[in-house]
Amino acid sequence: MAEFYLKQKGILIKLDEQGENLRIQDQTFYVFNNYSGPYTKADDSGYQILVNWRKAKFKVVSITDVMEGKVAEHNFRDRLVFVGAYAPSLKDQFLTPLSRTSEGGSPRRLHGKLLRS
């Protein structure tokens with residue numbers, strides 16, 4: 001998804017001189033290893049980028065609301081939109097720093113799925 005988005009902006013993803021790490025313009029994204037710092041025994045399948053949770057803004061809307069015109073078009077303009085299942089039965093919920101609530105209630109789990117090819 002990221003490669004498709006960047007390509008449309010004229011930004012190409014290349015491999016570094018060793019053919020291992022990704023280069024996007026003047027930035028290098030190194031292959032994540034499960035022995036990288038405090039991340040021992042972490043899932044190290046490929047390239048991973050940490051999210052700046054303080055600035056992350058995720059909006060979740062239902063397909064039904066979209067189809068019924070209940071979601072304004074500006075919510076989709078100039079944004080990446082990911083469509084997927086959002087159900088507790090999928091068991092793809094996880095805790096993040098955004099999980100804490102200001103009211104002191106139970107942590108809110110976020111949904112996401114690690115896809116492997």
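These numbers come from a predicted model, not from an experiment.
- Separation of atoms OG (Ser62) and CE (Met67) is listed at 11.0 Å; rounding is to 0.5 Å.
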Take Lys7 and Tyr5 through the test side chain to side chain contact (heavy atoms under 4.5 Å, CB included) and record every step on the way to the result. CA-CA 6 Å; Lys7 191 173 185 179; Tyr5 175 80; over 6 Å; no

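- Scanning both residues, Phe76 and Val66, for their nearest heavy atoms gives CZ-CG2, 3.7 Å.
- The side-chain contact (heavy atoms from CB on, under 4.5 Å) test applied to Leu6 returns Ile11, Ile13, Ile24, not counting sequence neighbours.
- Screening Leu12, Thr28, Leu15 against Arg23 for a side chain to side chain contact (heavy atoms under 4.5 Å, CB included) leaves a single residue, Thr28.
- Partners of Phe4 according to the side-chain contact (heavy atoms from CB on, under 4.5 Å) rule, which considers only residues two or more places apart in sequence or in another chain, are Gln8.
- For the pair Asp16 (side chain) and Glu20 (backbone), a donor-acceptor distance under 3.5 Å is present.
- Atom-to-atom distance recorded for Leu22:CG and Gln27:CD is 12.5 Å, nearest 0.5 angstrom.
- The salt bridge (charged side-chain N to carboxylate O under 4.0 Å, His left out) pairs that include a residue from residues 76-90 are Glu73-Arg77, where partners are two or more places apart or lie in different chains.
- Here the side chains of Val61 and Asn75 are not in contact, with every heavy-atom distance at 4.5 Å or above.
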